[in-house]
Structures are given as C-alpha cells and as structure tokens.
Amino acid sequence: MKPLDPRLLRLSRTARGFVLAAAGTGLVRTVATIAIAWGIAAAVTLGVDAVGHGSLPPTFVQALALLAVAVLVRAAAAWATDDLAARAAARVKSELRATVLARAADRGPEWLAGRSSAGFATTLGPGLDALDAYFGRYLPQLALTAVATPVLLVAIGFGDLTSGIIVLCALPVIPVFMILIGLATQSLQRRQADALARLGGGFTEAVEGLATLKVFGRARRQVGRISTLTDEYRRGTIAVLRLSFVSGFALELAASLSVALVAVSIGIRLVDGSLGLGAAMFVLVLAPEAFAPIRQVGADFHAAQDGVEASAAVLDVLDDETAAATTTVVEPASTALELDGLLVRRPDAVIGPVDLRAPAGAIVVLAGPSGSGKSSLIAAIRGVLPHEGTVVLPGSGPAADRVTWADQRPRLVRGTVAENVALSATPDDADVRTALRDAGLGVEPGLPVGAAGAGLSGGQAQRVAVARALYRARRVRTPLVLLDEPTSALDPDAEAHVIAAIRALAAAGAVVVVASHRPAVVAVGDLRVDVRTGGGVAVSASVSGERGAAA
C-alpha cells in the first residue's frame with residue numbers, strides 16, 4: 001500500500017500545495033526543535049558552571065531567550081500545520097467529489113447503470129470524510145518525517161558522531177516494523193472499507209425502498225439485515241483498533257530501546273570524560289526527536305487507512321476510462337436534427353438503424369411499447385449512450401447548450417418547486433410561473449418539496465419535470481428539446497396542457513423529440529418513429545404535418 005498515492009497529487013492541486021506547505025512548516029518545526037535542544041544544553045551547561053563560579057553569566061539569559069523563542073516558533077508552526085491540514089482536507093474532498101460527479105455526468109447513465117448508486121453515494125459521502133484523518137494527521141506527519149529525520153540526524157552527528165552513527169543504525173528498525181505491520185493490516189483495512197460500503201449501501205437502499213417495503217409489510221425484515229451489517233462493521237472496527245494499539249506498542253518499544261542505546265553510550269562517555277556536558281545534553285534532547293516523526297507516522301498509519309481506501313476507490317473511478325464513446329456531431333452548425341444510420345446496441349436488442357431529417361419547428365414522436373428502446377434512442381441523441389451512425393444536432397455551439405432534456409423520471413430534489421423548475425437557488429419567479437402554467441400545474445412556486453419529490457403526487461412531479469424543460473428551453477433558447485414520456489402519469493386534461501406546450505415549443509422554432517406511447521401525444525407528431533419490440537424501427541411522416549421527411 002503506497003503511503004501517498006501519486007494519483008491524488010496529479011488530480012488535486014490542493015493536495016500538491018498542501019504537501020509542499022506541510023514540508024515547509026515541518027522544516028520550521030525541525031529548526032525550532034534544534035534551537036530548543038541547543039537552548040536547553042546551553043542553559044544547563046551555564047547553570048552547572050555557575051555553581052563553581054557563584055554567579056550566572058550574561059549568556060544564560062540569552063540561552064533562555066533563545067529557548068523561549070524556539071518554543072513559540074515550534075508551537076506556531078504546529079498550529080499552522082493543523083490549520084492547513086483542516087483546510088486542505090475540506091478542499092480536496094470537495095475537489096474529488098466535484099471531479100467524480102463531473103466524470104459521471106460525462107460518461108452518462110450507461111456507465112452509472114453498472115454501479116450501485118448506494119455504494120457510489122457512500123464512497124463519495126462518509127467514505128471521503130475519512131480523509132480528515134489522512135490530511136489532519138498522517139500526511140503532515142509524513143512530510144515532517146521526510147524533512148525532519150535527515151536534518152535531525154545531521155544535527156546529532158555534528159553534536160556527537162558516535163551518537164549519530166547509533167541513531168543511523170537504529171532508525172531502519174522502525175520502518176521494518178511499519179512494513180511488517182502494514183502487510184498484516186492491509187487486508188484487514190480493505191475488509192473494513194468494504195464493510196463500511198456494504199453498511200452504507202444497505203442502509204441507503206433500505207431508505208430508498210422504504211415505501212415499497214412498508215406496502216408489502218417487509219420493512220421490519222430490514223432491521224435484522226442492517227443489524228447484521230452494523231455488527232460486522234463493529235467487530236471489524238474493534239479488530240482494527242486492537243491491531244493499532246499492538247502495533248503502536250511495538251513502535252514505541254523499538255524507539256525507546258533505540259534512544260536507550262544512545263543514552264547509555266553518552267552516560268559511559270560522560271563518566272570517562274570523553275564527551276562534554278553540553279554536547280551530551282544537546283544529543284540527549286534531539287535523540288527522541290529523531291525517532292518521534294517516523295514513529296508517529298507508524299502510529300497514524302492506521303487512523304489514515306480509511307481515508308486511503310476511500311480515496312483509492314474514488315481514484316479508481318476516475319482512472320476508469322470506460323466512457324460513452326459517441327459520434328454526436330457538434331460542428332458544423334445545422335438548422336435541423338439529422339440522424340444518419342443511428343444504431344444502439346443493447347444486450348437484449350439492437351435498436352435501429354434510424355435515418356431522418358427533422359427541420360426547425362418539427363415534432364418527432366418516438367412511438368412504441370414500454371421497453372422497446374425509445375429512451376435508449378433519446379440517450380443516443382443526447383450523446384450519453386454509445387451508438388453507431390451519426391447525429392447532427394440543430395444550432396451551433398457546445399452540444400450541452402443546444403439540448404433541453406426531460407427524463408421520464410422527474411428526479412426532484414429537496415427545495416421548493418421553483419428551485420426544482422429552475423435548478424437554481426435564485427429562480428426567475430415570472431418564468432417559473434409561466435412554465436408551471438403551461439405544464440398544467442397550479443401550485444405555488446414556493447411550495448416545499450422533499451427528497452425525491454416527497455409532498456407531490458406522481459402526476460405533479462412529472463409536470464414539474466416538464467415545466468423544468470419549458471423553463472430551460474425558453475430561457476436558453478435551445479434548438480432541440482427531448483421529452484421522455486412526459487405524460488405517462490397524467491390525466492387527459494393535464495396531458496392536453498403538455499401537448500399545447502410541445503406545439504408552442506415547435507412553433508418557436510425548436511425541434512421537439514417526444515418519446516411516448518400515448519395516442520394523443522403520438523398524434524401531434526410531424527415525424528413518427530415506430531420502435532418495435534426487438535429493436536426494429538420504421539420512420540414515417542405523420543398525417544398532422546409534412547415538415548419532416550424520412551430518409
């Protein structure tokens with residue numbers, strides 16, 4: 001297991017800056033430690049000499065002043081390290097979460113479908129929170145060890161070469177212990193990280209399906225399942241703590257024996273007069289400090305491993321180059337939606353090919369039974385699903401700025417109706433009310449909405465999603481609007497409002513693609529794409545208009 005994953009430094013500028021800052025504050029602490037040792041040695045030596053002379057020399061006050069300043073500098077450097085660590089942990093977690101979410105959005109729903117949403121949320125949530133210990137304790141100590149150990153070793157060698165050689169020979173003992181302990185704990189730490197992922201995933205899945213479980217009277221059965229996962233995680237945590245304490249004792253014992261060797265050597269040479277008192281005190285103060293950083297790295301190794309495992313899981317996600325390779329064309333600009341041999345391969349069927357040209361103002365209806373592949377075609381047009389053939393989007397500029405999309409699932413979040421419509425904390429009230437009215441939903445924009453649309457009926461949530469599409473299409477003026485089953489949960493009156501809104505979007509010059517099996521929606525299309533079960537596709541001009549032509 002690597003003490004510092006280079007991928008973390010490559011993907012996070014904050015992590016790189018923190019390592020350099022921690023090394024800088026570590027150097028300051030090391031210099032202050034040497035000054036403290038020098039001040040203590042000088043003060044003791046001058047005090048002993050003063051016993052024979054009967055008075056303290058003026059340099060005694062200077063030694064005490066040096067000691068006081070050095071203590072203050074070391075304390076300030078330690079505080080700066082802790083402050084930088086807290087800030088860096090927060091920023092790195094934010095950077096990693098934003099990067100992972102952006103990468104997931106780029107790869108699309110096909111990539112996310114192969115992963116557990118609960119496990120994904122657990123990794124990005126409480127999993128990455130474990131980086132607090134990694135940045136707060138382990139990484140600063142690792143930087144301090146890299147800087148302080150060689151500097152202190154050189155300082156001890158200048159004070160007493162024999163003691164320096166003893167410390168140099170004894171230092172490798174602690175890394176050997178650390179490697180052996182790390183090999184013994186690596187699998188244990190990985191199992192503990194997996195147990196946390198299972199616990200978080202199981203709890204999240206139970207909460208997500210709680211309504212269904214209660215309907216079928218199986219909610220209480222989940223108590224035993226969650227209890228089993230919790231007990232497994234508890235036993236794993238106790239095992240990690242037990243091993244952490246034992247390994248900490250081993251490291252303390254190795255460091256204590258090493259310092260004892262230095263102390264015995266100094267004592268013998270003090271007795272025979274081959275070593276002065278000042279040099280002896282200087283080396284005795286620095287010897288424990290030479291072992292302290294590397295010893296503390298070993299002690300903090302266990303506390304940081306949860307963060308290491310979580311960051312490794314996130315970095316593995318970012319390194320996964322499995323992406324939705326598409327052939328959606330952004331340039332040159334076009335005024336029409338053009339599909340040339342669009343073919344989507346699914347495990348159960350091959351959908352397509354689709355050839356059509358829909359000019360500005362056309363309404364294209366994807367008709368067919370549920371599960372036939374209408375949503376897959378919409379995803380391919382959006383460019384988030386791997387496909388064959390070519391898709392030319394209407395308009396110009398980045399593809400994301402050309403498209404408005406409403407999924408068949410509303411995907412509402414906690415907030416107000418207006419915030420869900422505008423997807424913004426500062427929605428335009430007039431435009432929100434217009435979108436809600438055109439979607440046939442007579443609710444106040446300030447009405448609170450719970451997570452996953454709690455507080456709204458299924459039909460109301462669907463109309464909020466339609467209003468969201470209307471709001472974006474009008475404000476951004478996207479030339480392409482994609483609606484996936486916008487009326488599947490609506491009654492005829494509400495459906496009539498949505499159909500009128502679809503016609504208004506087309507009349508404003510947008511190409512509207514609607515996936516639906518509802519007869520009233522199918523009848524409004526200018527082009528009809530019949531998607532049959534098994535993947536067969538037939539494109540025809542609707543009786544309602546002749547603005548589109550099938551290729």
Tabulate below the donor-acceptor pairs under 3.5 Å that side-chain atoms of residues 71-82 make, not counting sequence neighbours, or state none.
| from | atom 1 | to | atom 2 | distance (Å) |
| --- | --- | --- | --- | --- |
| R74 | NH1 | T33 | OG1 | 2.9 |
| T81 | OG1 | T25 | OG1 | 2.8 |
| T81 | OG1 | A77 | O | 2.9 |

- Item | Exam field: side chain R402 to backbone L393, donor-acceptor pair closer than 3.5 Å | yes

Checklist entry - With distance as the sole test, does S265 use its side chain to make a donor-acceptor pair with the main-chain N or O of L261 at under 3.5 Å? => result no

Residues 143-168 vs salt bridge (Lys or Arg N to Asp or Glu O under 4.0 Å), sequence neighbours excluded, gives D160-R269

Worksheet entry | Side-chain heavy-atom pair V476, T404 within 4.5 angstrom cut-off | no

All heavy atoms of I266 vs all of A280, minimum pair found to be CG2-CB, 3.5 Å

Between A380 and H387, the two heavy atoms sitting closest are O-CE1, 3.5 Å

Rounding to 0.5 Å, atoms CG (D484) and OG (S376) come to a distance of 9.5 Å

Fill in: Heavy-atom side-chain contact between F291 and S256 under 4.5 Å
no

Between R468 and L412, does the side-chain contact (heavy atoms from CB on, under 4.5 Å) criterion hold? Intermediate values first, please. CA-CA 10 Å; R468 176 189 295 163; L412 304 185; 3.3 Å; yes

| request: For residues V285 and W38, determine if any side-chain heavy atom of one lies less than 4.5 Å from a side-chain heavy atom of the other. | output: no

When rounded to the nearest 0.5 Å, the distance separating CZ of R411 from CG of L423 is 12.0 Å

So CD1 of I156 and CD of E289: to nearest 0.5 Å the spacing works out to 9.5 Å

Scanning both residues in full, the closest heavy-atom pair of A35 with A70 reads CB-CB, 3.7 Å

Quiz item: Would you say the side chain of T416 lies within less than 4.5 Å of the side chain of N420, judging by non-hydrogen atoms?
Solution: no

Tightest non-hydrogen contact, residues P293 and A290, listed as CD-O, 3.8 Å

Does the side-chain contact (heavy atoms from CB on, under 4.5 Å) test come out yes or no for V449 and L456, once each step is laid out?
CA-CA 7 Å; V449 177; L456 298 177; 4.0 Å; yes

Close side-chain approach of D407 to I378, heavy-atom, < 4.5 Å: no

Applying salt bridge (Lys or Arg N to Asp or Glu O under 4.0 Å) to R87 and not counting sequence neighbours gives D83

CG of L286 to OG of S163, rounded to nearest 0.5 Å, is 10.5 Å

message = Any non-hydrogen side-chain atom of L67 less than 4.5 Å from a side-chain atom of I40?
response = yes

For A143 and A22, the nearest pair of non-hydrogen atoms, with its separation, is CB-CB, 3.7 Å

Closest non-hydrogen contact found for P410 with A461 is CB-O, 3.5 Å

Find out whether F282 and I34 are in side-chain contact, i.e. whether some heavy atom of one side chain is under 4.5 Å from a heavy atom of the other. yes

dist T162:OG1 -> I268:CD1 (nearest 0.5 Å) comes out at 11.5 Å

